[in-house]
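Notes to accompany the following structure.
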Amino acid sequence: MVLVLIGCGRFGFDRGPSRDDGAVPPSEAEIAIDAQLTADAPMLALDAGQCPATYMKLGTSCYRFSVTQVPTWLDGELACEADGVGAHLVTIDDATEGNLLATSIVINDYWAGMTDRITEGTYRNVTGEAAPYLVWVSGEPTSSDCSQFDDGGRFHVSSCDTSDEYLCEYDGRPAVAGAY
């Protein structure tokens, strides 16, 4: 009799590279939530330059400001992603976009789609790339992980469990499950 074990168990198979950088990887539950949301989000079939119904066009992107606060930064991100694939918390790519938002949105602070939750000190956008625009309030960043953008056009970080307003952006770039 021959017993064949196929790589479906935990018999010492390589689990991939280990993390030596001290970063805390996202929990399996967080990744599962992200993956489920991405799978459930409606596909938006919009013509070039068109915004979803609840969004307004500013510059080259579409934005939706929350009318209520959410309990956490992640709740804000999930609310944006639920609008459709290509929607996420705002990711500010350059000074032009930062200045446009600072002068167009009349609110002190709101959640933005940049965080260092995966690797402390390395700020990434929820769309997966390194954050290209890092203009901080004096004394920032601190050890908190989730970014907020203020009416002066600068970032600061807060505890991800802080309740606040949020700004969604639809630019067609999907959020990357596990990137935040």
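In what follows, every heavy atom counts, from backbone to side chain, and hydrogens, waters and symmetry copies are set aside. Keep in mind it's a predicted model, so treat the numbers as computed, not measured.
Residue pairs meeting the disulfide (SG to SG under 2.5 Å) criterion with at least one partner in residues 71-148, sequence neighbours excluded, are C80-C168, C146-C160. Among residues at least two apart or in separate chains, side-chain hydrogen bond (donor to acceptor under 3.5 Å, both in side chains) pairs with a member in residues 88-97 are Y63-E97, H88-D171, T91-E169, T91-R173.
Not counting sequence neighbours, the partners of D75 by the side chain to side chain contact (heavy atoms under 4.5 Å, CB included) test are V70, P71, T72. Residues satisfying the side chain to side chain contact (heavy atoms under 4.5 Å, CB included) criterion with S163, sequence neighbours excluded, are Q69. Residues meeting the side chain to side chain contact (heavy atoms under 4.5 Å, CB included) test with T103, sequence neighbours left out: none. In this structure V137 satisfies the side chain to side chain contact (heavy atoms under 4.5 Å, CB included) test together with E140, D150, R154, H156, sequence neighbours excluded.
The closest side-chain heavy-atom distance from L167 to L101 is below 4.5 Å. At least one side-chain heavy atom of D164 sits less than 4.5 Å from a side-chain heavy atom of Q148. A heavy-atom distance below 4.5 Å is not found between the side chains of W73 and D145.
Looking at every heavy atom in both residues, S147 comes nearest to G113 through OG-N, 4.4 Å. The minimum heavy-atom distance linking V157 with S144 is given by the pair CG2-O, 3.6 Å. Contact detail for P141 and Y123: the closest heavy-atom pair is CB-OH, 3.2 Å. Y170 and P52 make their closest contact through CD2-CD, 3.7 Å (heavy atoms, listed as atom of the first residue, atom of the second, distance). In terms of heavy atoms, P174 sits closest to V85 at CB-CG1, 3.9 Å. In terms of heavy-atom proximity, E165 sits nearest to D109 at OE1-O, 3.9 Å.
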M56 and L58: CA distance, side-chain angles, deciding distance, side-chain contact (heavy atoms from CB on, under 4.5 Å) verdict: CA-CA 6 Å; M56 67 177 169; L58 286 174; 3.9 Å; yes
Verdict with supporting geometry, W111 and S158, side-chain contact (heavy atoms from CB on, under 4.5 Å): CA-CA 9 Å; W111 287 125; S158 294; 3.9 Å; yes
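A tilted orientation is assigned to the rings of Y133 and F149, their planes being inclined by 30° to 60°.
The pair R64-D83 counts as a salt bridge, with a side-chain nitrogen and a carboxylate oxygen less than 4.0 angstrom apart.
No close placement of the Y166 and Y110 rings is indicated, their centers lying 6.0 Å or farther apart.
Between the side chain of R117 and the backbone N or O of Y180 there is at least one donor-acceptor pair closer than 3.5 Å. Listed for the S104 side chain is a donor-acceptor partner under 3.5 Å among the backbone atoms of L100.
Taking CD from E77 and CG from L89, the interatomic distance works out to 4.5 Å, rounded to the nearest 0.5 Å.
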